[in-house]
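Everything below concerns the one structure shown next.
In the text below, chain A, chain B and the rest are named by the order of the sequence lines, each starting its count at 1.
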There are 4 protein chains.
Amino acid sequence: MSPRRRDSESTAAARAERRAELLATAAEVFASRGYASTTVREVADAAGMLGGSLYYHFDSKESMVDEILSVFLTDMWAAYDAVTAAGLDARETFRSLIAESFRTIDRHRPAVVIYQNESKHLATNPRFAYLTDSQRRFRAMWLSVLDRGVMEGVFRADLDTGLIYRFTRDTVWLAASWYRRDGRLSADEIARQYMAMVLDGIVTT
Amino acid sequence: MSPRRRDSESTAAARAERRAELLATAAEVFASRGYASTTVREVADAAGMLGGSLYYHFDSKESMVDEILSVFLTDMWAAYDAVTAAGLDARETFRSLIAESFRTIDRHRPAVVIYQNESKHLATNPRFAYLTDSQRRFRAMWLSVLDRGVMEGVFRADLDTGLIYRFTRDTVWLAASWYRRDGRLSADEIARQYMAMVLDGIVTT
Amino acid sequence: MSPRRRDSESTAAARAERRAELLATAAEVFASRGYASTTVREVADAAGMLGGSLYYHFDSKESMVDEILSVFLTDMWAAYDAVTAAGLDARETFRSLIAESFRTIDRHRPAVVIYQNESKHLATNPRFAYLTDSQRRFRAMWLSVLDRGVMEGVFRADLDTGLIYRFTRDTVWLAASWYRRDGRLSADEIARQYMAMVLDGIVTT
Amino acid sequence: MSPRRRDSESTAAARAERRAELLATAAEVFASRGYASTTVREVADAAGMLGGSLYYHFDSKESMVDEILSVFLTDMWAAYDAVTAAGLDARETFRSLIAESFRTIDRHRPAVVIYQNESKHLATNPRFAYLTDSQRRFRAMWLSVLDRGVMEGVFRADLDTGLIYRFTRDTVWLAASWYRRDGRLSADEIARQYMAMVLDGIVTT
DNA sequence: GATGAATGAGATTTCATTCAT
DNA sequence: TATGAATGAAATCTCATTCAT
C-alpha cells in the first residue's frame, strides 16, 4: 500500500526469489542430514525463522523436496537434450554428456545428493513417479549412446554395456557427494580426468 | 537331528544364531527402506514378531545397525588385511582388493548398502566413530596401492590418484545397490569386467 | 517322587521359606530403588533368577509388596497391642511405643522404608485399603497416649498434640531410611537418645 | 492492563511465566503421585494440554523435575546463606534456620515433597549430582550450628549431634507432606511450636 | 511474513506378564 | 522350579502441521 511496497522486491517476483532462497537452504540441509531425518525445524533454523513460518511459503516438507528435485531434473534434461540434439558421433556424445553431468552437479550439488540418496525411497510415493520416469529415460539415453559406440567400433564390444552404464552413472553422480565448488579441481577438470580414465583406463600403455 | 545339533540348538549358540537371523532380517529392511525411515515395527513384522519383542534381543534400533555394520566391517577388513599381507605387486594387489570387495558385497549386501547410505549421518554419533576411522583407513590403504602402482610405472602418472580412488570406491561399493546374488552375473564375473574397464578403458585400442 | 524329595526341605515348609527369602530380597530392592521404578527383572536379578521365574512364586509384582507390607504391619501391631494391653501410665506407654517402633524398624527396615515411601500411592488401590486403616488406627493410638499424658499433667498443655504426633511419627519412621543394623548406634540406644530429646528438649537446663 | 504489563506479557517474559506455571503444575502432580509413577500425560492433563505439547516447553520429563528442584534449592540456599551470614549466636541461628525452613516449605511445598521422596533415586543420575552436593552442604551447615551450640553451652552435650541433625531434618522437611497453606496453622506458628518442642521437650518442667 | 503455542499421529522404548519347555 | 522367548499395553518422546495473532 505504501509507495515503497511497489518496489519490484515486493511483488510476485520477490516472493519467487524468497522461495528460491528457502529451497536452496532446504536443499543444503536435506543433502547433508538426509531428507527423512531432517526436521522441518532444522530447515527453518537454517533459514533463520521458526518452524511454522515455512508453511507460509510451502504446503509441506514433501512439497519442498518435490520442488527441489523437479527444478533440478528440468534443468538437467534441458542440458542433455541439447547434447543429443546436436547430432554428434557416439564418442563425442559420450564426452559431452559426461561434461554436462559434471556441470549440472556444479549448479545443483545439493539437489543431486538428495536425488541420489532419496530417490528410491521417494519413488514409492505416486507424487514422485516422475523420478522413476526420469531414471528410465536416463538409462535408455545412456545405453543408446554406449550401444551406438560399440556399433561404431569406438567402444569395446567385450564389455557388458549394462555394466558400463551402471559404473558410469554411479561414479558421475556420486561425485556430487564429495565435490566442492571451491575445491582443488574445477568441474571441467574433473570431467576431463574422469573421461581419460574411463575411456583409456588407468594402466600405462 | 544328530545329537550334536541338538546341543548347539540350545544354550548360548542358539541365542547367537537367533540374533544373527534377526540382524539379517533387520539389515534387509534397513537397506531397502533406509535406516531412519524404517520403523522398529517394520523390522519386527519382517521377523514375524511384535515390536516390543525385538527388545528382548537388542537394546535399541541403534544397537541393531551398530552390530550389522561392525560385523560387516570386521569381516571386510579381515579380507583386505589378508590381501595386503600377501606381498603382491601393486597391480595384483589392486586386482585382489577389487575382487575381495565384490566378494564382501556378495556376503554382506544389505550391510554394504546401509554403510553407503547411512554412514555419513550415523558418524555424527560418537558411538559410530569407528565408521569414520574405517573410512580413513580405507582411503589410506587404496591410496597407498595406487601411489605404489604409479611409482612402479604400472598406473598412469597423469591422473590424480585421489580422483581414481574416489571413482573406484564409488563404483565398487555402489554395486551393492543393484547387485543380486541370483542375477545374471556372478560377483567374480562383475569384478572381472569391472577391472577390464578400469584398467584398460572402454575405448577400443 | 524320589526319596530325596521327602526331605523336610522339599515340602510346603521349604516352599514357604523360599517365598520368605524372595520377599526379603524384593523388599531390599523396592526399598532402595522405589517400588514403581523397580522392575520385576531387577528383583529377579537380585534373587539370581530370570524375570519370568518369579511368577512361579508370586502372582504379580503387586502381590509381592502386598505380602511384604502385610507381614510387617501384622508384626508391628502385635508389638503395639502388647504395649497398650500392659496398662502403663502415659509416659511409660509413650516410651514403650517409641522403643517398640525402633525395634520394629530393626526387624523390618526395608518394609518400613517401602511403607513410608509408597503408602500414599498404593492406598489409592482398594487392595491396599488396609494401609489407610492402619494409619488411622495408628494416629488414634498415639493421640490417645498424648492426650492422656496432657491430662495426667506429664506432657505440656501448650503444645498441639496433633503436631506432636506428626513430628514424632515422622522422625521415628524416617529413621528406617538411614538406620543400619551394623551402624554405630543400636536400635535401643537410638530410642534412648531420641526419647531424651523429645521428652526434655535439646537445650541445657 | 497498564502498558508495562502488556509488554511483559509478550516476548521472553511471557514465555518464562508460562514455563513457571507449567512447572508449578508439574510439581503438584509429581508431589502427589510420585515422579516415577506420574505420566507425562497426567501432567499435561493437569495443565490443560496434550502430552506432546509439553515438549514445546521442556526437553523431557526429567528436565522438568530438574528445573523444579534447582529453583527450589537455589531459593532455599539463598535464605540459609542470609541467615548464616548474619552472625547470630548458635541458638538464634538454629531458630532462624528452622523458621526459614518452614517458610521455604510454604513457598515450595510440592518441590520439597519431591525432594524428599525422589532425591535418593534421582541422585544416581549424574545430571542430579547437585542433589548429593546440596545434601552434603546441608548436613555440614546444620552440624556446624549444633556443634557450636554445644560448645557455647546452649545445647546439651549428652546427645549425639548427628542424631539431633537427623531428627531435626526429618521432622522439618516431612512437614511438607502434610502442611497446607490454607490449614489451621501458619508456617510461622508451626515453626514456633516446633521449636518449643525441640528446644525444651514435651515434658512439663 | 513471521511467531509462538499447541496438536495429534506415530515412533521408540519399557516392562509386567505369559507360557511352552 | 526355572528358563527363554515372546506379548502387548502403556509410557516417553518426536515432529509435521495448524492457527490465532
dA11(E) pairs with which nucleotide, Watson-Crick or G-U wobble, both distances below 3.5 Å?
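Paired with dA11(E), as far as the under-3.5 Å criterion goes, is dT12(F).
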
Should [X] be listed as having a side-chain N or O under 4.0 Å from OP1 or OP2 of [N]?
X	N	result
His57(D)	dG4(E)	no
Tyr55(A)	dT18(F)	no
Ser53(D)	dA5(E)	no
Tyr56(A)	dA2(E)	no
Arg18(A)	dA2(E)	yes

Select from Gly51(B) and Lys61(D) the residue whose nearest nucleotide in DNA chain F is closer to the 5' end of that strand.
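Residue closer to the 5' terminus by nearest nucleotide: Gly51(B).
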
Closest-nucleotide ordering on DNA chain F, the 5'-leading residue of Leu22(B) and Leu54(C):
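With Leu54(C) and Leu22(B) compared, the 5'-side residue is Leu54(C).
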
Among dT3(F), dT13(E), dT7(E), the one nearest Leu50(C) by side-chain distance
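Selected nucleotide (nearest to the side chain): dT3(F).
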
State which of dA6(F), dC15(F), dC15(E) makes the closest approach to the side chain of Thr39(C).
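Nearest listed nucleotide: dC15(E).
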
Strictly distance-based, threshold 3.5 Å: is any side-chain N or O of Glu42(B) a donor or acceptor partner for the main-chain N or O of Thr39(B)?
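Yes; at least one donor-acceptor contact below 3.5 Å.
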
To the nearest 0.5 Å, what is the distance between CE on Met49(D) and OH on Tyr56(D)?
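The CE atom of Met49(D) sits 10.5 Å away from the OH atom of Tyr56(D).
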
